[in-house]
Asks: 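Before anything else, here's the structure in question.
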2 protein chains.
Amino acid sequence: MIIDNPYEPKLPRNMSFGWHIAVLGANMSDSLDKELKSIGLSINQWPTLFALWEEDGLTQTELTSRCNTAHYTTTRLLDSLEKMGLVERQPHPTSRRAHLVYLTEKGRNLEEEAVTKARAVNAKFLSSLSKKEQEQVASLILKMTTAPPV
Amino acid sequence: MIIDNPYEPKLPRNMSFGWHIAVLGANMSDSLDKELKSIGLSINQWPTLFALWEEDGLTQTELTSRCNTAHYTTTRLLDSLEKMGLVERQPHPTSRRAHLVYLTEKGRNLEEEAVTKARAVNAKFLSSLSKKEQEQVASLILKMTTAPPV
DNA sequence: TATTGTTATACTCTATAACTATA
DNA sequence: TATAGTTATAGAGTATAACAATA
């Protein structure tokens, strides 16, 4: 069965574009998960830690929104990260019901190693493309994700 | 935190390439799942049905390998598809332990509608790109997925 | 009355492994 | 002994909704 949409070139077994993206995303996630395990982290913690490495002192609600997860997921993720000594919940200066989430020294120190591993995974999956093609695909995917469909 | 890898252009909140692919894949899957629900199907059934639309009369083991799932998953998927009257397990001509899986008339008739929906989802997610860019990203992703990393 | 965050519960998915029947 | 397929069961992940505390 051939999807003859002009935006769908011939694909192996003619699977559709979205299917390829989904499988690729799952494979990249699995690969990063395995890498992160070696430093005691998991893929579930990645978006939260990534957001905090970029900027900490966020409320849980703000973290929830940046990580595109559910609020009850954030609660449990922070529980585990706190138990591991990577983050701390501090009282909010003006609201007594909100918390501010900060990285600990230990949590901050993991950034370099984790990001190195993420880069390696990206490079591995991009390795069949030329440098120019790698830049192209990254910028096209960026364009797709930053201007999402209504 | 900026990933200054040359293959990682500036991304929103500087999330990494793999993360964008994973989120995009999940969003496209969710979107197709919603579309398929309207004709009584789910995203879990998509790869199996897609493979059968391309070629039926496969053994369960062959289906398992083409869909990149687990054998016990195939068993349950086929149970549900059979209950819905979309596929049939037939005895294998030479081996009494293997089955051949065939689409029913009803299952075959769903192809056009389902593929139309999948195309619409792909088009929706690609809509922020020009036609040329759409072709580019599809062919680059194809290149990545057909020459997977070791 | 709405917001921040936690918890209980149920439901879906997936993984492991034991099982049958064949080869 | 290996293969095709099924089933039982446990675990992880996710969703719903109720809840307490605060605004």
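All figures in this text were calculated on a predicted structure; none of them were measured in a lab. Note that these values count all heavy atoms, side chains included, but never hydrogens, waters or copies made by symmetry. In the text below, chain A, chain B and the rest are named by the order of the sequence lines, each starting its count at 1.
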Asks: Taking CG from L100(A) and C1' from dT4(C), how many angstroms apart are they, rounded to a whole number?
Replies: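 After rounding, the reported distance stands at 12 Å.
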
Asks: Kindly write out the residues that satisfy salt bridge (Lys or Arg N to Asp or Glu O under 4.0 Å) with K37(A), not counting sequence neighbours, or none if the list is empty.
Replies: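 D33(A).
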
Asks: When Ile, Leu, Val, Met, Phe, Trp and Tyr are grouped by side-chain heavy atoms lying under 4.5 Å apart, directly or through other members, which residues fall in the same group as L100(B)?
Replies: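 Direct or chained contacts put L100(B) with Y102(B).
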
Asks: Relative to the ring of F50(B), is the ring of W53(B) parallel (under 30°), tilted (30 to 60°) or perpendicular (over 60°)?
Replies: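 It falls in the tilted class, 30° to 60°.
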
Asks: By salt bridge (Lys or Arg N to Asp or Glu O under 4.0 Å), which residues pair with D79(A), not counting sequence neighbours?
Replies: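 Counting only residues at least two positions away or on another chain, D79(A) forms a salt bridge (Lys or Arg N to Asp or Glu O under 4.0 Å) with R89(A).
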
Asks: Got a salt bridge between E113(A) and K117(A), using NZ or NE/NH1/NH2 to carboxylate O under 4.0 Å?
Replies: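 K117(A) and E113(A): not salt-bridged.
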
Asks: Expressed in angstrom and rounded to an integer, what is the separation of R89(B) atom CZ from dG5(D) atom P?
Replies: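 R89(B) atom CZ is separated from dG5(D) atom P by 9 Å.
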
Asks: For a quick check, with a 4.0 angstrom heavy-atom cut-off, what is the B/S/- contact string for nucleotides 10-23 of chain C, read 5' to 3'?
Replies: ---SBBB-----BS

Asks: Tell me what T61(A) touches on the nucleic acid: a base, only sugar-phosphate, or nothing, going by heavy atoms under 4.0 Å.
Replies: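 Since only primed, P, OP1 and OP2 atoms lie under 4.0 Å of T61(A), the category is sugar-phosphate.
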
Asks: In this structure, how many angstroms lie between the C1' atom of dG5(D) and the NE2 atom of H92(B), rounded?
Replies: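 Between C1' of dG5(D) and NE2 of H92(B): 13 Å.
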
Asks: Between atom NZ in K34(B) and atom P in dA15(D), what is the gap in whole Å?
Replies: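 Rounded to whole Å, this separation is 11 Å.
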
Asks: Could you tell me the separation between the CD atom of E82(B) and the P atom of dG5(D), rounded to a whole number of Å?
Replies: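 Distance, rounded to whole Å: 13 Å.
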
Asks: Can you list the residues that meet the side chain to side chain contact (heavy atoms under 4.5 Å, CB included) rule with K83(A), with sequence neighbours excluded?
Replies: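 For K83(A) there are no side chain to side chain contact (heavy atoms under 4.5 Å, CB included) partners, ignoring immediate neighbours.
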
Asks: Quick one: is T75(A) getting a side-chain N or O under 4.0 Å of the dG5(C) phosphate, OP1 or OP2?
Replies: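 For dG5(C), OP1/OP2 do not have a side-chain N/O of T75(A) under 4.0 Å.
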
Asks: Please report, rounded to the nearest Å, how far the C1' atom of dT6(C) is from the CG atom of L63(A).
Replies: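 Checked: the CG to C1' distance equals 16 Å.
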
Asks: Looking at the side chain of H99(A), which of dA4(D), dT7(D), dT6(C) is the nearest nucleotide?
Replies: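 My answer, after comparing the listed nucleotides, is dT6(C).
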
Asks: Kindly state each residue pair satisfying salt bridge (Lys or Arg N to Asp or Glu O under 4.0 Å) with at least one member in residues 93-109 of chain B, sequence neighbours excluded.
Replies: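 Pairs touching residues 93-109 of chain B that pass the test: D56(B)-R108(B).
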
Asks: Using whole Å, report how far CG of D79(B) lies from P of dA8(D).
Replies: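 Rounded to whole Å, this separation is 11 Å.
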
Asks: Just N and O in the side chain of Q60(A): are any of them under 4.0 Å from OP1 or OP2 of dT3(C)?
Replies: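 No, no such contact exists.
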
